[in-house]
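Just so we're on the same page: letters track the sequence lines, and every chain starts at 1. Model, not experiment: these values are computed from the prediction.
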Amino acid sequence: MAFWLFKSEPFKWSFADQMAAGEAGTEWSGVRNYQARNFMRTMQVGERGLFYHSNEGKAVVGLVEVSAPAAHDSTSPDDPRWECVHLRGLQAFLRPVALEEIKADPRFAAMVLVSNSRLSVQPVGAGEFTLICELGGLREAVTGT
DNA sequence: GCCAACGTTGGC
DNA sequence: GCCAACGTTGGC
């Protein structure tokens, strides 16, 4: 069971939009980066991820779950290279966990979010994931399922 | 709005 | 296959 982090600019697609999209989830389309695509290819349905607001917000704001495995990205009809998973919003953090806070905490020094700020889909360590959920006020939700 | 970092493209 | 040019991302 791996853990992930997905970035989105909130004015394009916010966590509120993700939650409003419902149980079925939505295609995480538009990723045009091989590294990010390759991570999505390895994702299993049911794996969880952090939802991060870039630019405006700059904070982890919620929890998502992979609801369908990687398949061709419908927004790339002419180019079969690009694939993406489907995501379902699970729960909003009670308190956003800011990038500033993550950067300041030595326990997150190894996070990709810190070392490669441009990668839009990235792996997160189990320890990092749990800790960020706790900071976001979702301790129970994490240990739940 | 600026700029640094990074990834991709395309000429050679 | 190298590398310069360009485009994009995202923090500040």
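With salt bridges taken as basic N to acidic carboxylate O contacts below 4.0 Å, one links A:Glu83 and A:Arg41.
Rounded to whole angstrom, the span from the CZ atom of A:Arg32 across to the P atom of C:dG10 amounts to 14 Å. The distance from atom OH of A:Tyr52 to atom C1' of C:dT9 is 12 Å, rounded to the nearest whole Å. The nearest whole Å value for the distance from the CG atom in A:Asn33 to the C1' atom in B:dC6 is 9 Å. As rounded to whole Å, 14 Å separates atom C1' of B:dG7 from atom CZ of A:Arg37. Here B:dG7 presents its P atom at 6 Å from CG of A:Asn116, a figure rounded to the nearest Å. Between A:Trp13 atom CH2 and C:dG10 atom P the separation is 18 Å, expressed in whole Å. Straight-line distance from the CD atom of A:Glu100 to the C1' atom of C:dG10: 16 Å, rounded to whole Å. We find that CG of A:Asn55 is positioned 17 Å from P of B:dC3, with the value rounded to whole Å.
Of the candidate nucleotides C:dT9, B:dT8, C:dC12, C:dT9 has the atom lying nearest to any side-chain atom of A:Arg118. The side chain of A:Tyr34 approaches B:dT8 more closely than any other nucleotide in the set B:dT9, C:dC12, B:dT8.
Residue A:Lys7 places no side-chain N or O under 4.0 Å from the OP1 or OP2 atom of C:dT9. Taking side-chain N and O atoms only, A:Lys12 has no distance below 4.0 Å to OP1 or OP2 of C:dT9.
For A:Phe6 and A:Phe51, the distance between ring centers is not under 6.0 angstrom.
Toward the 5' end of DNA chain B, the nearer of the two residues A:Arg81 and A:Ser115, judged by each one's closest nucleotide, is A:Ser115.
Residues A:Trp13 and A:Gln18 bring a donor and an acceptor atom of their side chains to less than 3.5 Å of each other. At a cut-off of 3.5 Å, with distance as the only test, a side-chain donor of A:Asp17 or A:Ser14 sits close to an acceptor on the other residue.
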